[in-house]
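Everything below concerns the one structure shown next.
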Amino acid sequence: MIPTIKQPRAFSLIYGAYVALFFVYLALPLLVVSLFAFNDSLFPSLPWNGFTLDWFFSPEQPQRGVFYEKSILESIGTSALVAVSVAALSVGVGTCNAFLFNRYEFRLKSVLYVLMLLPLVIPGIVLGISILVFSSTVANGVEDSLNYDIEALRPGLVLVILGQFSFITTIATLVIAARLKKFDTSLEEAALNLGATRLTAVRTITLPYLRPAILGAVLVAFLMSFENFNTTLMLVGSDAPLTIEMFDRLKEGSTPVLNAVSLLLMLGSSLLALTMIAFQRKS
Amino acid sequence: MGAHGKLGFILLASPLVLWLSLLIIIPHIDLFILSLQEKIGVRQYQTSFANYMTFFSEPLYLRTFLRTAFMSIVATVLTLLIAFPISYYIAKIARGRLQSILFLMCLVPFWVSELVRTFGWMILLRETGIFSNFLQWSGIVSGPVEFLYNDAAMMVGLIYTSMLFMVVPLVTTLESLDDSMIEAGYDLGGNGYNVLREIIIPHAMPGIVSGSIVVFMLSLGNYLTPIMLGGKDSLWFTEMIYSQFIVRFNWELGAAFGFLLLGLSSLIVWGALKLSGQTLEKTMG
């Protein structure tokens, strides 16, 4: 079953057809979502009433375009704010974690390593409720004893950021640790021999070496945060990120404005993906 | 570790310790404590297993729980069966440019929000959707057909959503299998089936295990796909957690549900690791 070993023609044909069918299956939902963003109809379904750009650019109801939908634009802003915060926090902590596990030997190292991996095998919704419960416990305790309500610990953006950070950090750690493992420590030693302090050596030698991994981790973290649904759903307050806003609209039955947002999202993430690939090629 | 190293160690270790203790360990302990609270009056609680008893005595809860577990296992197995030939094709048969293009195409749906993917399936499957219209147009059926809101639709969505997490580990492990091993299998008189069973699958085992664990986890914890594509009576356990927390405001029971879901997923992940002789460090890290 490798090219050097002949297989019956029929087998290769069926196999090829299966692979082709699989990619049709992968592409189909994304294709129809994009296509119906241009349908001149109030529903994202057939019949096809002709091509229109109203769902992007029309300022008036009933076919108000996405660029005039205030609540959608606001939720994109909210998502971006959350995603930038989560990316910054998780990559910062992830870099520290990578160095800790790579450079130090300590008691309980293997236990801590397994604990570090755990957030990946905890269902997102359970992570969400556990943080919700704990933050309410703390907020209620403070309110009862000090008579002061800590707004940040009630459902809202701070909790959303913390909730997403709690598992995206694991992914950031793994991405950065994978590259740090390949680093030749003699380069750092050379810098130390030449009189650099430990911090200077790390800053001028190791961190530049890690840059592609750190950038990759930032992009992955940003994207995972932007798309996160389960954890966010449990922690969200009155400011809805994009996924929650779209979910609410989808439940009510939607107009093709959702297709337009989806298409923009796809374009946005492809752009991010291309940036990442281009960047990795360069280094 | 000198005095200098010690300071560095403490500085590097504190974010990790803060993150794990404040956002993972203590919240889960708190969740567990909450799940043991039985409400006996207005703002009056006592410690008991009452919430867990409610779960076991109410058939709807238990049935939904078992159904969620069963359907997640089915979704995992189907994903593996569908993904394996594809991964093998990408890793061993496609060459050069085609190989990287196919692999990249598998990654594309992951870059798109789960919400968008589910929305796509709704457009395809609903009564006024593409499939229904296509069947009517081709004359196979005479009226609109509803494909949405049943277990099959939900399964299609679950498999679609988790496909990537199966393909990537499978491709990675299969790529590391040397072609000469497969050739040797044939030279020694094996046929395609023998080679698959004795050489390819054992080699791909780490990929199979880590892919299956992730897919199972994602299906079990999925909320969007069952609620949007599944029918009225295809309840998912995450929906019950959500409704106890957000709709009924019965956090104690919701916490117990959350803990049961966590217990089930840990049990199955642990069992899969034990059965295959893998460790979490190796499959995830």
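Within every chain, numbering begins at 1; the chains are lettered A, B, ... in the order of the sequence lines, protein sequences first and strands thereafter.
Atom-to-atom distance recorded for B/Ile10:CD1 and A/Tyr104:OH is 10.0 Å, nearest 0.5 angstrom. Separating the CG atom in A/Leu233 from the OH atom in B/Tyr223 is a distance of 5.5 Å, to the nearest 0.5 Å. Atom-to-atom distance recorded for A/Ile131:CD1 and B/Ile26:CD1 is 12.0 Å, nearest 0.5 angstrom. Atom OH of residue A/Tyr113 and atom CG of residue B/Leu16 lie 11.5 Å apart, to the nearest 0.5 angstrom. For the atom pair CG of B/Leu12 and OG1 of A/Thr95, the computed distance is 10.0 Å after rounding to the nearest 0.5 Å. Here B/Asp30 contributes atom CG and A/Ser135 contributes atom OG; the two are 9.0 Å apart, rounded to the nearest 0.5 Å.
Taking 4.5 Å as the limit, some side-chain heavy atom of B/Leu261 sits within range of a side-chain heavy atom of A/Ile125. Residues B/Phe9 and A/Arg103 form no side-chain contact, since every pair of their non-hydrogen atoms from C-beta on lies 4.5 Å or further apart. Counting heavy atoms from C-beta outward, A/Val133 and B/Pro27 have side chains that stay 4.5 Å or more apart. The closest side-chain heavy-atom distance from A/Leu26 to B/Met105 is not below 4.5 Å. Considering only heavy atoms from C-beta on, A/Asn97 comes within 4.5 Å of B/Trp19 through its side chain. In this structure the side chain of B/Leu23 reaches within 4.5 angstrom of the side chain of A/Leu162, judged on heavy atoms. Residues A/Met234 and B/Ile246 form a side-chain contact, since some pair of their non-hydrogen atoms from C-beta on lies under 4.5 Å apart. Here the side chains of A/Asn259 and B/Ile123 are in contact, with some heavy-atom distance below 4.5 Å.
Closest approach of B/Val116 and A/Met266 over heavy atoms only: CG1-CE, 3.7 Å. Taking both residues in full, the closest heavy atoms of A/Pro123 and B/Ser265 are given as CD-OG, 3.8 Å, listed atom of the first, atom of the second, then distance. What you find for B/Gly120 and A/Val32 is that their closest heavy atoms are O-CG2, 3.8 Å. Between A/Phe247 and B/Leu224, the shortest heavy-atom contact is CD1-CD1, 3.4 Å. Shortest non-hydrogen contact noted between B/Arg117 and A/Pro29 is O-CB, 4.1 Å. Residues B/Met217 and A/Leu120 share a closest heavy-atom pair of CE-O, 4.1 Å.
In terms of heavy-atom pairs under 4.5 angstrom with chain A, the leader among B/Ile29, B/Thr118, B/Val156 is B/Val156. Ranking B/Leu11, B/Leu102, B/Leu22, B/Ile90 against chain A, the residue ahead of the rest is B/Leu102, based on heavy-atom pairs under 4.5 Å. With respect to chain B, the highest number of heavy-atom pairs below 4.5 Å among A/Val138, A/Leu31, A/Thr170, A/Leu127 belongs to A/Thr170.
Heavy-atom distances place both the backbone and the side chain of B/Trp121 under 4.5 Å from chain A. In this structure, no portion of B/Leu220 lies under 4.5 Å from any heavy atom of chain A. If you measure heavy-atom distances from A/Leu223 to chain B, the contacts under 4.5 Å come from the side chain alone. Using a 4.5 Å cut-off between heavy atoms, B/Ile25 contacts chain A through its side chain alone, with no backbone atom that close. Neither the backbone nor the side chain of A/Leu89 comes within less than 4.5 Å of any heavy atom in chain B. At a 4.5 Å heavy-atom cutoff, the contact between A/Leu112 and chain B is made by backbone and side-chain atoms alike. Contact annotation for B/Tyr160: both backbone and side-chain heavy atoms come within less than 4.5 Å of a heavy atom of chain A. Neither the backbone nor the side chain of B/Val17 comes within less than 4.5 Å of any heavy atom of chain A. Residue A/Ile122 touches chain B through both its backbone and its side chain, counting heavy-atom pairs closer than 4.5 Å. Neither the backbone nor the side chain of B/Leu18 comes within contact range of chain A; no heavy atoms are under 4.5 Å apart. Both the backbone and the side chain of A/Phe165 come within contact range of chain B, judged by heavy atoms closer than 4.5 Å. Both the backbone and the side chain of B/Thr238 come within contact range of chain A, each with at least one heavy atom under 4.5 Å from a heavy atom of that chain. Contacts between A/Leu132 and chain B at a heavy-atom distance below 4.5 Å involve backbone atoms as well as side-chain atoms. Only the side chain of B/Ile227 comes within less than 4.5 Å of a heavy atom of chain A; its backbone N, CA, C and O stay farther away. Contacts between B/Ile159 and chain A at a heavy-atom distance below 4.5 Å involve backbone atoms as well as side-chain atoms.
In terms of modelled atom types and a separation under 3.5 Å, the side chain of A/Tyr18 and the main chain of B/Ile86 share no donor-acceptor contact. In this structure a side-chain-to-backbone donor-acceptor pair under 3.5 Å is present from A/Asn230 to B/Gly221. Checked by atom type and distance alone, the side chain of A/Tyr15 pairs as donor or acceptor with a backbone atom of B/Pro85 at under 3.5 Å.
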A/Phe23 and B/Cys106: side-chain contact (heavy atoms from CB on, under 4.5 Å), yes or no, with the steps?
CA-CA 8 Å; A/Phe23 283 101; B/Cys106 285; 3.8 Å; yes
B/Val112 and A/Leu265: CA distance, side-chain angles, deciding distance, side-chain contact (heavy atoms from CB on, under 4.5 Å) verdict
CA-CA 7 Å; B/Val112 180; A/Leu265 269 183; 5.9 Å; no
Residues A/Ile129, B/Leu31; criterion side-chain contact (heavy atoms from CB on, under 4.5 Å); working and verdict:
CA-CA 8 Å; A/Ile129 56 172; B/Leu31 186 71; 4.1 Å; yes
Please evaluate residues B/Met163 and A/Phe22 with respect to the criterion side-chain contact (heavy atoms from CB on, under 4.5 Å), reporting the C-alpha separation (whole Å), side-chain torsions for both, the decisive distance (0.1 Å), and the verdict.
CA-CA 11 Å; B/Met163 190 50 77; A/Phe22 175 81; 3.6 Å; yes
